[in-house]
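The structure under discussion appears below in the form of structure tokens.
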Amino acid sequence: ELERDRKRAHLALIGFSDDAKALALQFIKVAPHPDLGVPKVTIFSRDSENDKSFIEQRMPIRLGLVDVNVVEMALFPDYEAILAQCTKTDPVGLVYLSERADGQQQRFAFELAALAERTSSEAAMICLKGTASNRLWVEQMQNYSIWPMRCLTLDDQHLSTSALSGEIDKLAQAIHAAYKGYKLNVSGETPLDVMGEWLSLDENLRASNRRAADSAKTKLEALGITGISFPGVVHSPEVSEARFEALAEAEHRSWMADRFINGWRLGELRDNRRRLHHNLVPYCSMTEADKELDRRQVQTVVKLLSEQVV
């Protein structure tokens, strides 16, 4: 998005079935970036009233972590209206087709891409469900569309690190081990269930570490660290303190989104059983000790990858 001079990441969902909901929630977790504004999700829905209930309960809109726009979609789609919604204010980066049969998805993708080409609209990625039929069709379309196309499957829950390495759990475990090491050396109480070994952790907490690992590529690129393979050689330029701080704040927004999506809410004290946490607040409102956890998270990822942990 930065290379295309975009102001923020924008995801458009054509239909809002379960797989589209899962993609939207994952997008909200990994989209925070120090150089981009609040991510945006545009949902084209045939049942907007029912969908709004899910949006209000599961998407962290009230925390200011995402902007959501719900557009009522007619039985027979108006491609021009859909393209206008995708491009008029914040050009969309990814369009996901989540409903209808394969043939209908293919027709939708073709019509949208063809219209975008005729009107010279800014390019976006069009994603279809990862069925065998769609995969074959996308392969055949590679040389005919200005808007690139690909297929997503349920295995594509993690959209950055896993695409490069397939080793996201390994990095997540290393991040957890580093967190435990830090907490053992600072004062203050930490719930025992957070300090356990990886296999004994609640799945909700393991997922939180995977989320941190999943945004590793974003963290590194934001620091100007490039030329990375997993494993590989990491070349790190001099990074200013202000830059690290901006990335720590982005990490905190990503963490807040993950916790809210997984049912956590603001509480005076941390309570893992009730899923309450005192740090579901803006970064600027936290104590220096709590900010240090986000700073350490960024530093840990850079250190682990430079040491070829994965």
Side-chain angles (χ1 to χ4, degrees), residues 9 11 13 16-32 38-41 43 45 47-70 96 98 154-162 168-169 172-173 175-176 179-180 183 189-215 249-283 285-287 290-291 293-294 297:
L11 168 68
L13 302 169
F16 204 46
S17 55
D18 288 345
D19 51 326
K21 291 174 182 174
L23 177 60
L25 296 180
Q26 184 65 15
F27 168 78
I28 294 168
K29 295 178 191 178
V30 301
V38 174
K40 181 178 180 179
V41 179
I43 301 166
S45 169
D47 190 6
S48 58
E49 288 304 314
N50 283 334
D51 289 341
K52 284 178 181 177
S53 175
F54 174 90
I55 292 166
E56 291 171 358
Q57 293 177 21
R58 297 295 307 280
M59 293 187 171
I61 300 171
R62 286 171 291 174
L63 296 179
L65 299 176
V66 63
D67 288 339
V68 179
N69 181 32
V70 181
Y96 180 61
S98 79
L154 293 178
D155 295 333
D156 293 314
Q157 292 180 9
H158 301 289
L159 303 176
S160 56
T161 305
S162 61
I168 197 167
D169 246 36
Q173 291 179 48
I175 289 172
H176 174 63
Y179 169 82
K180 286 201 307 176
K183 293 296 285 185
E189 295 184 4
T190 302
L192 291 178
D193 53 353
V194 177
M195 300 296 286
E197 296 302 317
W198 180 255
L199 292 179
S200 67
L201 284 181
D202 181 84
E203 179 56 31
N204 184 274
L205 297 174
R206 284 200 293 266
S208 183
N209 284 288
R210 292 187 189 108
R211 186 272 319 159
D214 191 41
S215 59
E249 183 173 356
E251 164 61 25
H252 180 65
R253 294 201 307 271
S254 176
W255 174 85
M256 280 206 301
D258 177 71
R259 286 302 166 102
F260 185 91
I261 286 166
N262 284 290
W264 290 70
R265 296 298 181 263
L266 180 63
E268 290 187 12
L269 297 173
R270 177 173 183 163
D271 186 328
N272 288 354
R273 183 181 61 82
R274 298 169 61 198
R275 296 195 178 184
L276 299 176
H277 206 294
H278 59 286
N279 278 336
L280 282 169
V281 296
Y283 186 78
S285 300
M286 295 199 302
T287 66
D290 287 331
K291 287 180 182 178
L293 288 173
D294 289 310
Q297 184 75 271

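Just so you know, residue 1 is the first one in the sequence shown, and it goes up from there.
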- Message: What verdict does the side chain to side chain contact (heavy atoms under 4.5 Å, CB included) test give for M59 and K21, after you've listed the backbone C-alpha separation in whole Å, the side-chain angles of each residue and the deciding distance to 0.1 Å?
- Response: CA-CA 10 Å; M59 293 187 171; K21 291 174 182 174; over 6 Å; no
Give, for atom [atom1] of [X] and atom [atom2] of [Y], the distance between the pair rounded to the nearest 0.5 Å.
X    : Y    : atom1 : atom2 : result
Q26  : L11  : CD    : CG    : 11.5 Å
R274 : L269 : CZ    : CG    : 10.0 Å
I61  : E56  : CD1   : CD    : 7.0 Å
K52  : Q57  : NZ    : CD    : 14.5 Å
D202 : R273 : CG    : CZ    : 13.0 Å

Looking at side-chain heavy atoms only, is the closest gap between [X] and [Y] below 4.5 Å?
X    : Y    : result
L23  : L13  : yes
Q297 : Y179 : no
F27  : V66  : no
W264 : D271 : no
E203 : R206 : yes

Where do [X] and [Y] come nearest, in terms of heavy atoms and distance?
X    : Y    : value
A213 : A172 : CB-N, 3.9 Å
P60  : I261 : CD-CG1, 4.2 Å
L65  : A257 : CD1-N, 3.5 Å
N262 : R275 : O-NH1, 2.6 Å
N272 : L205 : ND2-CD1, 4.3 Å

Residues passing the ring-ring contact (aromatic ring centres under 6.0 Å, His included) test with F16, sequence neighbours excluded, are F54
task = Assess whether atom CD of E268 is packed by more than 12 heavy atoms of other residues, nucleotides or ligands within 6.0 Å.
result = no
Could you walk me through whether L280 and M256 satisfy the side chain to side chain contact (heavy atoms under 4.5 Å, CB included) test, starting with their C-alpha distance in whole Å, then the side-chain angles of each, then the deciding distance to 0.1 Å, before giving a yes or no?
CA-CA 6 Å; L280 282 169; M256 280 206 301; 3.9 Å; yes
Taking [X] for the side chain and [Y] for the main chain, is one N or O donor matched with an acceptor at less than 3.5 Å?
X    : Y    : value
H252 : V281 : yes
S254 : P32  : no
S48  : S45  : no

- [ ] Could you give me the CA-CA distance, side-chain angles and deciding distance for M286 and D294, then say whether side chain to side chain contact (heavy atoms under 4.5 Å, CB included) is met?
- [x] CA-CA 11 Å; M286 295 199 302; D294 289 310; 3.3 Å; yes
>> One pair to check against side chain to side chain donor-acceptor pair (under 3.5 Å): N279 and W255. What are the steps and the verdict?
In response: CA-CA 10 Å; N279 278 336; W255 174 85; over 6 Å; no
Open item on the list: Between R62 and F260, does the side chain to side chain contact (heavy atoms under 4.5 Å, CB included) criterion hold? Intermediate values first, please.
Closed with: CA-CA 10 Å; R62 286 171 291 174; F260 185 91; 3.8 Å; yes
* **Derivation and outcome, salt bridge (charged side-chain N to carboxylate O under 4.0 Å, His left out), residues K291 and E251** => CA-CA 10 Å; K291 287 180 182 178; E251 164 61 25; over 6 Å; no
Between N209 and W198, does any side-chain donor sit less than 3.5 Å from a side-chain acceptor?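 There is no such pair between these side chains.
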Is there any salt bridge (charged side-chain N to carboxylate O under 4.0 Å, His left out) pair reaching into residues 255-267, and which pairs are they, with sequence neighbours excluded?
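Output for this query lists K29-D258.
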